[in-house]
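Keep in mind that this is a model prediction, so the values were computed, not measured.
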Amino acid sequence: MARILALSSWVAHGHVGLSAAVPALQALGHEVTPLPMTILSNHPGWPHVAGAPLPCDQLGAMIEALDRNGWLAGVEAVLTGYMPTPDHVDLAAALIRRLCRSRPVPRVIVDPVLGDLPKGLYVPVAVAEAVRDRLVPLADTLTPNAFELGWLTGEAVGTLEAVQVAAAGLFPSAPAQTVLVTSAPAPEGWIGTLSVSRHAALSWATPRRNGVPNGVGDVLSGLIAAGLPAGAALGHLSTLIEASLGAPHLRIVESASDWTRAAPLHPQSLPEI
């Protein structure tokens, strides 16, 4: 069981952000302390949505209360996801630096939630720049999609080789041990995932499905934060996706007896660059 502190969005209805990662991690027996950066009624893709970011001073007070109650001691991993403002990025970065002065030092997983194709950025440029400049350098593991990797690096990511080069290029400016890139280029009808570390690159291809609900990336980054190898996390996720096709939301709880027992997916090794 891992103890994970997770900072991202929270929705009252549905499974995205913390509302996706937390129940998935709890189904696997992990202990999660969620800190919502913003609270919404539901994913903004629905016709009606309401909510707002939590004020940073309120979040700061919550962090202090958690600390004084002893609930930040022994945190094994910190996961960051959606950040609504640059101030929230600063709060997350300060908390990570604070926790990394403790023992044991927690692993830091940054899911740079910035945008995707075809829409591009869906956060303000100031937020994207803050994530790039102030959170990415703190990460042990990054989990961008291909668009986000291209935005962070300014590099083309149209081929698997280009994604590998762009991901490896993050290492000189960040301590990231691994960059796990989702929505990587893959053959027609497939969707790729690429894991790039200083010493190896592995790729997976899974069938592209129609009717996949939102929140898949949030679940994946949560599973990586729990310490699962990428192949094991993708095995869980693939089975969860299959069980959720056509549903309005991921069927995290309803299909837990199946996806929590799924076998890992086997990777293909890529040549070093």
Using the rule given for ring-ring contact (aromatic ring centres under 6.0 Å, His included), can you reason through H43 versus H13, listing the C-alpha separation, both sets of side-chain angles and the distance that settles it, and then say yes or no? CA-CA 8 Å; H43 185 273; H13 184 76; over 10 Å; no
Heavy-atom distance under 4.5 Å between the side chains of [X] and [Y], does that happen here?
{"X": "L194", "Y": "W204", "result": "no"}
{"X": "V127", "Y": "H88", "result": "no"}
{"X": "L91", "Y": "D87", "result": "no"}
{"X": "L54", "Y": "P36", "result": "yes"}
{"X": "S255", "Y": "L240", "result": "yes"}
{"X": "Y82", "Y": "P53", "result": "no"}
{"X": "L135", "Y": "T80", "result": "yes"}
{"X": "V212", "Y": "S244", "result": "no"}

So, does [X] use its side chain to make a donor-acceptor pair with the main chain of [Y] at under 3.5 Å?
{"X": "S41", "Y": "A50", "answer": "yes"}
{"X": "N69", "Y": "A65", "answer": "yes"}
{"X": "E148", "Y": "N145", "answer": "yes"}
{"X": "W259", "Y": "S238", "answer": "no"}
{"X": "H30", "Y": "G222", "answer": "no"}
{"X": "R251", "Y": "A247", "answer": "no"}
{"X": "T38", "Y": "P84", "answer": "no"}

What's the verdict on side-chain contact (heavy atoms from CB on, under 4.5 Å) for V110 and T141, showing C-alpha distance, side-chain angles and the deciding distance? CA-CA 6 Å; V110 172; T141 302; over 6 Å; no
Which distance, rounded to the nearest 0.5 Å, do you find between the [atom1] of [X] and the [atom2] of [Y]?
{"X": "D116", "Y": "S183", "atom1": "CG", "atom2": "OG", "answer": "5.5 Å"}
{"X": "S8", "Y": "L79", "atom1": "OG", "atom2": "CG", "answer": "7.0 Å"}
{"X": "Q164", "Y": "T159", "atom1": "CD", "atom2": "OG1", "answer": "9.5 Å"}
{"X": "T178", "Y": "D140", "atom1": "OG1", "atom2": "CG", "answer": "9.0 Å"}
{"X": "I4", "Y": "L223", "atom1": "CD1", "atom2": "CG", "answer": "9.0 Å"}
{"X": "L170", "Y": "R132", "atom1": "CG", "atom2": "CZ", "answer": "11.5 Å"}

Are [Y] and [X] connected into the same hydrophobic cluster when the rule is that any two of I, L, V, M, F, W, Y join if their side-chain heavy atoms are below 4.5 Å apart?
{"X": "I224", "Y": "V16", "value": "no"}
{"X": "L5", "Y": "M1", "value": "no"}
{"X": "V49", "Y": "Y122", "value": "no"}

Passing candidate, side-chain contact (heavy atoms from CB on, under 4.5 Å) with L237, options T193, T182, V219: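 With L237 as partner, side-chain contact (heavy atoms from CB on, under 4.5 Å) holds for just one option, V219.
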What residue among D111, L220, D218 forms side-chain contact (heavy atoms from CB on, under 4.5 Å) with T143?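 Of the listed residues D111, L220, D218, the side-chain contact (heavy atoms from CB on, under 4.5 Å) partner of T143 is D111.
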Steps toward side-chain contact (heavy atoms from CB on, under 4.5 Å) verdict (L121, W151): CA-CA 9 Å; L121 284 179; W151 195 93; 3.6 Å; yes
Is any NZ, NE, NH1 or NH2 atom of the basic residue among [X] and [Y] found under 4.0 Å from an Asp or Glu carboxylate oxygen of the other?
{"X": "R103", "Y": "E76", "result": "no"}
{"X": "R3", "Y": "E31", "result": "yes"}
{"X": "R208", "Y": "E188", "result": "no"}

Of the non-hydrogen atoms in [X] and [Y], which two are nearest, and what is the gap between them?
{"X": "A77", "Y": "V75", "answer": "O-CG1, 3.3 Å"}
{"X": "A162", "Y": "V157", "answer": "CB-CA, 4.1 Å"}
{"X": "P185", "Y": "L160", "answer": "O-CD1, 3.7 Å"}
{"X": "V32", "Y": "P34", "answer": "O-CD, 3.5 Å"}
{"X": "F171", "Y": "V179", "answer": "CE2-CG2, 4.1 Å"}

W10 ring center near H15 ring center (under 6.0 Å):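 No: the rings miss the under 6.0 Å criterion.
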Can you check side-chain contact (heavy atoms from CB on, under 4.5 Å) on V113 and V123, steps first, answer last? CA-CA 8 Å; V113 181; V123 299; 5.6 Å; no
Decide yes or no on side-chain contact (heavy atoms from CB on, under 4.5 Å) for Q177 and S197, but give the supporting numbers first. CA-CA 6 Å; Q177 297 173 342; S197 69; 6.0 Å; no
Go through it in stages, so that I can follow the logic: the residues are R209 and E242, the test is salt bridge (charged side-chain N to carboxylate O under 4.0 Å, His left out), and I'd like the CA-CA distance, side-chain angles, deciding distance and then a yes or no. CA-CA 8 Å; R209 298 283 193 246; E242 195 67 30; 3.0 Å; yes
